Amino acid sequence: MGIKDTKDAKLLYHLTRLDNLDTILEHGLLSRKAVRNMKIGFSDIANKDIISKRTELGLDDYIPFHFHPYSSFDVAVKTTYLDEEFVYICITRQIAKDYNFKVLPKHPLSIDECMLLEYDEGIATIDWDIMHTIGTDDDYAKNVKMAECLTDLIIPAEAFQSICVRNDDIKKIVEEKLKSYNIISKPPYVDVRQLF
């Protein structure tokens, strides 16, 4: 999948460190606030200033997903932490629609008033022409490409469509982790993808 196919793609992407996968498989994918309240240890990758602002906006109650794995956030994280392993937890957009996920049509910190839209309205509001433009790095384009789909629900691992990894060695590690938590039905699939 490339950025040109984003509007019609089937998945949403959540980037996390491989080190976080055990707690995710045990407890489900949780919002930052839920992780904090449950006193679950996890290794954070977000900028502290951004975390602070998201907390002010009440977005720490939600799990954020991006519409593609090529946002400025993803690139910055993968560049900053070159020596670390990451995975993408992917869910289907149909699940997001069925469970009433919310949508922010641009990066939340670029919006004066952070208002979560209902799924269908949010999808219709995204500037897909800009989302599909490759190589545009003006602020408006960056913020559109960091549109988010969010939920305040706990997402169990059994609801993941796939876990994307960068190579076969990491795939084996993730498959062993899934097996150790008795998550053996498909999905979730473990896919080696050129996203890293």
Side-chain angles (χ1 to χ4, degrees), residues 1-4 6 9 11-25 27 29-36 39-91 104-111 114 126 130-151 155 157 160 162-174 177 188 190-196:
M1 184 206 102
I3 201 165
K4 286 186 173 183
T6 302
L11 297 178
L12 296 167
Y13 298 83
H14 180 89
L15 181 67
T16 191
R17 283 184 165 111
L18 176 62
D19 293 346
N20 292 329
L21 194 55
D22 283 300
T23 57
I24 291 170
L25 296 177
H27 300 284
L29 188 59
L30 305 166
S31 70
R32 179 173 274 105
K33 187 174 186 178
V35 167
R36 202 171 49 242
K39 297 181 173 49
I40 297 171
F42 86 111
S43 185
D44 208 341
I45 56 177
N47 174 293
K48 293 195 184 327
D49 293 334
I50 292 174
I51 292 171
S52 177
K53 184 65 174 173
R54 290 183 75 92
T55 301
E56 283 176 35
L57 295 170
L59 295 175
D60 60 333
D61 284 321
Y62 295 88
I63 304 162
F65 288 86
H66 286 129
F67 290 90
H68 59 81
Y70 311 108
S71 73
S72 297
F73 170 77
D74 297 68
V75 171
V77 166
K78 292 181 280 191
T79 303
T80 301
Y81 301 101
L82 284 172
D83 296 333
E84 298 192 42
E85 290 297 337
F86 290 90
V87 298
Y88 279 100
I89 293 173
C90 302
I91 63 167
L104 283 167
K106 291 193 296 186
H107 189 273
L109 305 191
S110 72
I111 304 168
C114 184
I126 291 173
I130 291 295
M131 181 75 81
H132 293 152
T133 304
I134 297 172
T136 306
D137 56 1
D138 63 83
D139 285 343
Y140 176 75
K142 281 183 183 177
N143 289 321
V144 167
K145 291 176 185 181
M146 288 196 288
E148 296 180 4
C149 194
L150 306 104
T151 184
I155 304 176
F160 302 167
S162 61
I163 301 172
C164 296
V165 300
R166 76 177 176 90
N167 62 38
D168 287 324
D169 292 336
I170 304 304
K171 179 177 180 176
K172 286 177 190 164
I173 292 168
V174 171
K177 288 180 184 293
V190 183
D191 294 329
V192 176
R193 301 272 302 275
Q194 297 302 315
L195 305 177
F196 301 91

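These numbers were taken from a predicted model, which means no experiment stands behind them.
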Which distance, rounded to the nearest 0.5 Å, do you find between the [atom1] of [X] and the [atom2] of [Y]?
X: Thr151; Y: Leu30; atom1: OG1; atom2: CG; answer: 11.0 Å
X: Lys177; Y: Leu25; atom1: NZ; atom2: CG; answer: 8.0 Å
X: Asp22; Y: Ile40; atom1: CG; atom2: CD1; answer: 12.5 Å
X: Glu85; Y: Leu21; atom1: CD; atom2: CG; answer: 12.0 Å
X: Ile89; Y: Leu29; atom1: CD1; atom2: CG; answer: 5.0 Å

[X] and [Y]: which non-hydrogen atoms are nearest, and at how many Å?
X: Asp74; Y: Pro69; value: CB-O, 3.7 Å
X: Ile63; Y: Ser31; value: CG1-N, 3.5 Å
X: Val75; Y: Tyr70; value: CG2-O, 4.1 Å
X: Leu11; Y: Ser162; value: CD1-OG, 4.3 Å
X: Leu12; Y: Cys149; value: CD1-SG, 3.7 Å
X: Phe67; Y: Ala147; value: CD1-O, 3.7 Å

Does His66 form a side chain to side chain contact (heavy atoms under 4.5 Å, CB included) with Glu148? I'd like the steps, not just the answer.
CA-CA 5 Å; His66 286 129; Glu148 296 180 4; 4.1 Å; yes
Before giving the answer on side chain to side chain contact (heavy atoms under 4.5 Å, CB included), spell out for His14 and Ile155 the whole-Å C-alpha distance, their side-chain angles and the decisive distance to 0.1 Å.
CA-CA 12 Å; His14 180 89; Ile155 304 176; over 6 Å; no
Do [X] and [Y] make a side-chain contact, defined as non-hydrogen atoms from C-beta onward lying under 4.5 Å apart?
X: Pro64; Y: Arg54; value: yes
X: Asp168; Y: Val192; value: yes
X: Ile170; Y: Val190; value: no

Answer yes or no on whether Arg193 is positioned over the face of Tyr88, meaning its NZ or CZ is under 6.0 Å from the six-membered ring centre and within 45° of the axis.
no
Under 3.5 Å, side chain of [X] to main-chain N/O of [Y], donor-acceptor pair present?
X: Lys78; Y: Phe86; value: no
X: Thr23; Y: Asn20; value: yes
X: His68; Y: Lys145; value: yes

With sequence neighbours excluded, what pairs up with Asp169 under the side-chain contact (heavy atoms from CB on, under 4.5 Å) test?
Asn167
Could you walk me through whether Leu104 and Leu59 satisfy the side chain to side chain contact (heavy atoms under 4.5 Å, CB included) test, starting with their C-alpha distance in whole Å, then the side-chain angles of each, then the deciding distance to 0.1 Å, before giving a yes or no?
CA-CA 11 Å; Leu104 283 167; Leu59 295 175; 4.2 Å; yes
CD of Gln194: more than 12 outside heavy atoms within 6.0 angstrom?
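No, the 6.0 Å shell around CD holds no more than 12 heavy atoms from other groups.
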With Asp60, which of Arg36, Lys53, Lys33 fulfils salt bridge (Lys or Arg N to Asp or Glu O under 4.0 Å)?
Arg36
Can you list the steps and then say if Phe42 with Arg17 is a side chain to side chain contact (heavy atoms under 4.5 Å, CB included)?
CA-CA 9 Å; Phe42 86 111; Arg17 283 184 165 111; over 6 Å; no
